[in-house]
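Input: a single structure, listed below in structure tokens.
Quick caveat: nothing in here was measured; it's all calculated off a predicted structure. First the proteins, then the strands, lettered A, B, ... as listed; each starts at 1.
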Amino acid sequence: MKHKYLDNQAFSQHIIRWYRDNPRDLPWRETQNPYHIWLSEIILQQTRVAQGMPYYYKFVEAYPELKNLALAPEEEVLRLWQGLGYYSRARNLHFCAKQIWFELDGKFPESYAELLKLKGVGSYTASAISSFAFGEAQAVVDGNVFRVLARIFGIESDIATGKAKKEFEALANELIPKDNPAEFNQAMMDFGSRQCVPKNPDCENCPLKRNCFAFNNDLVQKLPVKINKTKVKERQIHYHVLTCGNDWVWKKRKSGDIWEGLFDFPSREGADESLDDALAQLNPEKINSEGKEYRHLLSHQKLNVRFSEWKLPTSSYAKLQKICEEQDFALVAEEEIERLAKPKLIVNYLKDQGI
DNA sequence: AAGCCGGGGAC
DNA sequence: GTCCCAGGCTT
């Protein structure tokens, strides 16, 4: 693709020059260890650097080498991931660590094509690891790169479509200097996150303003084009918080819904009364009949949540055990609760309970 | 192609 | 409230 303001080489030189004056100081840039870089890239998927940073430190400390992660129990990995969201990332991370350790002889994949085969590694992440750890000239295209290229080159394609993704990847791969791919990739992302920001960028002080199509055509606020259809669904969840002596009743969430693999409480949505029937057998004492109300906002769902708390007599313990077995509930002593990986909503609830 | 998957920060 | 974040998988 030709550009009326800028040729490919001039563009990459401008971007890299800017980057050398304005680099972000990020810990995963100080290493070429592919395992650490992979860890950082998975953590940073759809996640701001500031939000992911503490998790990167936690994981590197808990699992300094791939072997440590491969040999860790999944429950522990999910517990470390607690609060970061998109929990499939953590399950895939653990799956891949085991796969690399046990099936690939502990040898981390070294090429874009091989990296792309890993669960949870798509074109962005494969490009990032292959360029940063192995010097391969594969251009990353993340949200920052979409924005920078759309504005500088005046591309009006809807970045939500697969066609546009291919278009941007082709352009980025044309622009990336083969002798310095890693620095170019870092530069593009830093430029997007610090200079060419989504809202109200400081274009007057941008070194590329003379060469920016969007700036010169008053399109900065319009580009990149993204047809967004985020439908937010409302949802009512009624949790039953059951305790018997020192034990709490928990439920590990199944696939096909949010928070797969994480622990919350037995719950019902809608008119299902089966849980209430089982509960009636246990002679519960209601702690509160109305239940505590919580509102929890997620990207795609608004959750209206009620917690009803029940205290069961210890004389019902045997019956409770039987029900837990039938219903696939877990009985967990209070001091073990901290080890369970829980959705943020449940963490907040427990905090209010002083747990 | 569209839907789904979390949580948080900026505005 | 809306939009976006160092995206990827499933249907």
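Listed by first then second residue, pairs satisfying side chain to side chain donor-acceptor pair (under 3.5 Å) with a partner in residues 180-192 of chain A read A/Arg20-A/Glu183, A/Arg24-A/Asp190, A/Arg29-A/Gln186, A/Arg29-A/Asp190, A/Ser131-A/Asn185, A/Asn180-A/Glu183, not counting sequence neighbours.
The side-chain hydrogen bond (donor to acceptor under 3.5 Å, both in side chains) search around A/Asn33 returns none, not counting sequence neighbours. For A/Glu204, the salt bridge (Lys or Arg N to Asp or Glu O under 4.0 Å) criterion is met by A/Lys209, not counting sequence neighbours. Residues satisfying the salt bridge (Lys or Arg N to Asp or Glu O under 4.0 Å) criterion with A/Glu260, sequence neighbours excluded, are A/Arg91. Qualifying side-chain hydrogen bond (donor to acceptor under 3.5 Å, both in side chains) partners for A/Trp248, counting only residues two or more places apart in sequence or in other chains: A/Glu334. Under the rule for a ring pair (Phe, Tyr, Trp, His ring centres under 6.0 Å), A/Phe95 has no partner lying at least two apart in sequence or in another chain. A/Asn304 meets the side-chain hydrogen bond (donor to acceptor under 3.5 Å, both in side chains) test with A/Glu234, A/Arg295; sequence neighbours excluded. Residues forming a salt bridge (Lys or Arg N to Asp or Glu O under 4.0 Å) with A/Glu74 (at least two apart in sequence, or on another chain): none. Applying the side-chain hydrogen bond (donor to acceptor under 3.5 Å, both in side chains) criterion to A/Lys58, with sequence neighbours excluded, gives no partner residue.
Taking the six-membered ring for Trp and the full ring otherwise, the centers of A/Phe191 and A/Tyr19 sit at least 6.0 Å from each other.
OP1 or OP2 of C/dG7 has not a single side-chain nitrogen or oxygen of A/Lys165 nearer than 4.0 Å. A close approach under 4.0 Å does occur between a side-chain nitrogen or oxygen of A/Lys231 and OP1 or OP2 of B/dG3.
DNA chain C is contacted by A/Asp142, A/Gly143 of residues 127-143 of chain A, taking any non-hydrogen atom closer than 4.0 Å.
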For each nucleotide in nucleotides 5-11 of chain B, reading 5' to 3', give B when a protein heavy atom comes within less than 4.0 Å of its base, S when such contact involves only the sugar-phosphate, and - otherwise.
-> BBBB--S

Distances for protein N or O near nucleotides 9-11 of chain C N or O, under 3.5 Å:
{"unit_1": "C/dC9", "atom_1": "OP1", "unit_2": "A/Gly120", "atom_2": "N", "d": "2.9"}

